[in-house]
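Along the sequence shown, residues are numbered consecutively beginning with 1. Everything numeric in this text was worked out from a predicted model, so none of it was measured.
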Amino acid sequence: MKYLLFVICICLIGFGCDRTEVPPGTEPVLKIKLQFDPIQERLDNLGNPSIIPAGNAAQTPSFRSMSTHYIELVPNELTQYKSGQALYSGAEVATSAANPHSFTTAIDFDNAIVKGENEVFFEIPIKDLAPGTYRHLRVSVSYQNYDVVYNLVNIPGGLPDLNGESGTIASFLGYFMRLNDITIRNMSTTVDNDVLQGYWAFETNLSAPWENFNQLSSGQAPEGATTVVNPFPTAIPPGSCVVSGDLDNELVITGDETADISLTLSFSINNSFEWEDDNGNGQLDLDIGNGTMESVVDMGLRGLIGIVE
């Protein structure tokens, strides 16, 4: 019985006995994966439970892929941004484009890593991590791609509205992003510009027999409107999308690891796509008559939990 209790304790300290030992001569790695959780709690900028403001509506999108620009582990909530253990940092380019935050670099989207749910986004040898105990993490989210449901209204020629159609949104949330040619789903467009947080492009995906009428539109969410969850007392850079959260179990790095570790970045997508509901129907409307869509105000993710396995 004492031996059994000893084994159980060892498993608990190591956060699971199911980590796979790596073959001799192979370095163990920390594997980073993405997860999009539709029922994870919906939080506001300060990490408090959030409700949808009056006059707005929201929906939980169906995620296709995502990109992050920077990931770090931090030992405590007082650790300053970029003073923790960096796990990943994306490519940047110099910029001279005018912007309200005096950014001199922009995220190089052409060279960004874009992955779907449960795919390995990035991996890093554990030997490259500083030994220590990590309890929290920060992730700079730069790009999201997902499907939303919308209505096509005021169609010329007296045709009836098309309700419950699907469309794909490319949502750019990085602090400043260099965009050249971008593909939303099946269609592409040329931006050829550096864009601030909140730029989006939308592709309709009309059902038969209307598929030949698919089109693209784009816009910019208001500055400062994107929710960036940060429950910690430490500041994050203005205009960025650095989401902060806790690890479900503290991660202890000793430097003597012999097995791979998996870190899943679980993001709350609970009603994360929000717009001004002009007619109060609680649905996203695209008006063909005047070529406008109800104004997108918030595309921010609604929370982050790091799952250590």
Side-chain angles (χ1 to χ4, degrees), residues 4-37 39-41 47 63 65-91 112-143 229-232 234 241-269 301 303-309:
L4 177 60
L5 291 175
F6 174 76
V7 172
I8 292 174
C9 289
I10 292 297
C11 287
L12 291 175
I13 291 172
F15 302 115
C17 292
D18 58 345
R19 289 185 183 170
T20 303
E21 296 285 327
V22 299
T26 304
E27 295 180 344
V29 297
L30 175 66
K31 297 182 179 182
I32 302 170
K33 300 180 181 180
L34 305 176
Q35 178 175 293
F36 314 124
D37 192 337
I39 61 173
Q40 192 169 309
E41 190 172 21
F63 260 71
S65 60
M66 176 189 286
S67 181
T68 74
H69 180 62
Y70 180 76
I71 305 171
E72 72 173 352
L73 295 170
V74 294
N76 60 69
E77 296 179 354
L78 298 179
T79 304
Q80 298 298 310
Y81 179 56
K82 289 197 173 183
S83 295
Q85 172 61 64
L87 301 179
Y88 171 77
S89 186
I113 298 174
V114 180
K115 294 290 185 178
E117 187 165 47
N118 295 324
E119 293 183 315
V120 175
F121 178 80
F122 189 74
E123 58 183 45
I124 181 173
I126 296 177
K127 70 177 181 61
D128 292 344
L129 305 180
T133 299
Y134 300 97
R135 299 178 177 87
H136 316 285
L137 74 166
R138 296 189 183 96
V139 179
S140 176
V141 178
S142 57
Y143 172 71
V229 177
N230 178 32
F232 305 159
T234 45
C241 191
V242 181
V243 184
S244 306
D246 299 326
L247 299 178
D248 65 340
N249 289 303
E250 65 181 22
L251 175 59
V252 180
I253 300 296
T254 65
D256 298 321
E257 283 75 15
T258 59
D260 293 342
I261 301 174
S262 176
L263 172 60
T264 298
L265 310 179
S266 180
F267 295 98
S268 171
I269 61 171
L301 293 158
L304 170 64
I305 299 172
I307 301 172
V308 180
E309 297 174 315

- Item | Approximate separation, where rounding is to 0.5 Å, of I126 CD1 and T258 OG1 | 9.0 Å
- Compare every heavy atom of Y143 with every heavy atom of S65, then report the nearest pair and how far apart it is. OG-CE2, 4.2 Å
- Query: Yes or no on side-chain contact (heavy atoms from CB on, under 4.5 Å) for L304 and V229, after CA distance, side-chain angles and deciding distance?
  - Reply: CA-CA 8 Å; L304 170 64; V229 177; over 6 Å; no
- Task: Quick one: pull up CD in E257 and CD in E27 and give me the separation to the nearest 0.5 Å.
- Result: 12.5 Å
- For residues Q35 and S266, is any side-chain donor paired with an opposing acceptor at under 3.5 Å? yes
- Task: Please answer whether the main-chain N or O of S268 pairs with a side-chain N or O of D37 as donor and acceptor at a distance below 3.5 Å.
- Result: no
- dist I261:CD1 -> I32:CD1 (nearest 0.5 Å) comes out at 11.5 Å
- Message: Can a donor-acceptor pair be found, under 3.5 Å and without considering hydrogens, that links the side chain of E309 to the backbone of S262?
- Response: no
- Query: NZ of K31: more than 12 outside heavy atoms within 6.0 angstrom?
  - Reply: no
- Task: Identify the residue among V74, D246, L251, L265 that makes a side chain to side chain contact (heavy atoms under 4.5 Å, CB included) with L137.
- Result: L265
- Can any side-chain N or O of S142 pair as donor or acceptor with the backbone N or O of S67 at less than 3.5 Å? yes
- CD-OG distance between E72 and S83, expressed to the nearest 0.5 angstrom: 7.0 Å
- Out of L30, L87, I71, I113, which one pairs with F122 under the side chain to side chain contact (heavy atoms under 4.5 Å, CB included) rule? I113
- Note on the structure: For V29 and D260 the tightest heavy-atom approach is N-OD1, 2.9 Å
- Intermediate values then yes/no, side-chain contact (heavy atoms from CB on, under 4.5 Å), K33 and V120: CA-CA 5 Å; K33 300 180 181 180; V120 175; 4.0 Å; yes
- Message: Using 0.5 Å steps for rounding, measure from the CE atom of M66 to the NZ atom of K115.
- Response: 14.5 Å
- Query: About how many Å separate CD of Q85 and OH of Y134, when rounded to the nearest 0.5 Å?
  - Reply: 4.5 Å
- So, for A86 and Y70, which heavy atoms are closest and what is the spacing to 0.1 Å? CB-OH, 3.7 Å
- side-chain contact (heavy atoms from CB on, under 4.5 Å) between I253 and L73, intermediate numbers included: CA-CA 11 Å; I253 300 296; L73 295 170; 5.7 Å; no
- Message: For P231 versus S244, what's the shortest heavy-atom pair and its separation?
- Response: CD-O, 3.6 Å
- Query: For the rings on F63 and F267, is their centre-to-centre separation under 6.0 Å?
  - Reply: no
- Note on the structure: Test side-chain hydrogen bond (donor to acceptor under 3.5 Å, both in side chains), reference T234, set R138, Q80, E77, output is R138
- Can you name the nearest heavy-atom pair linking Y81 to S140, along with the distance? OH-CB, 4.1 Å
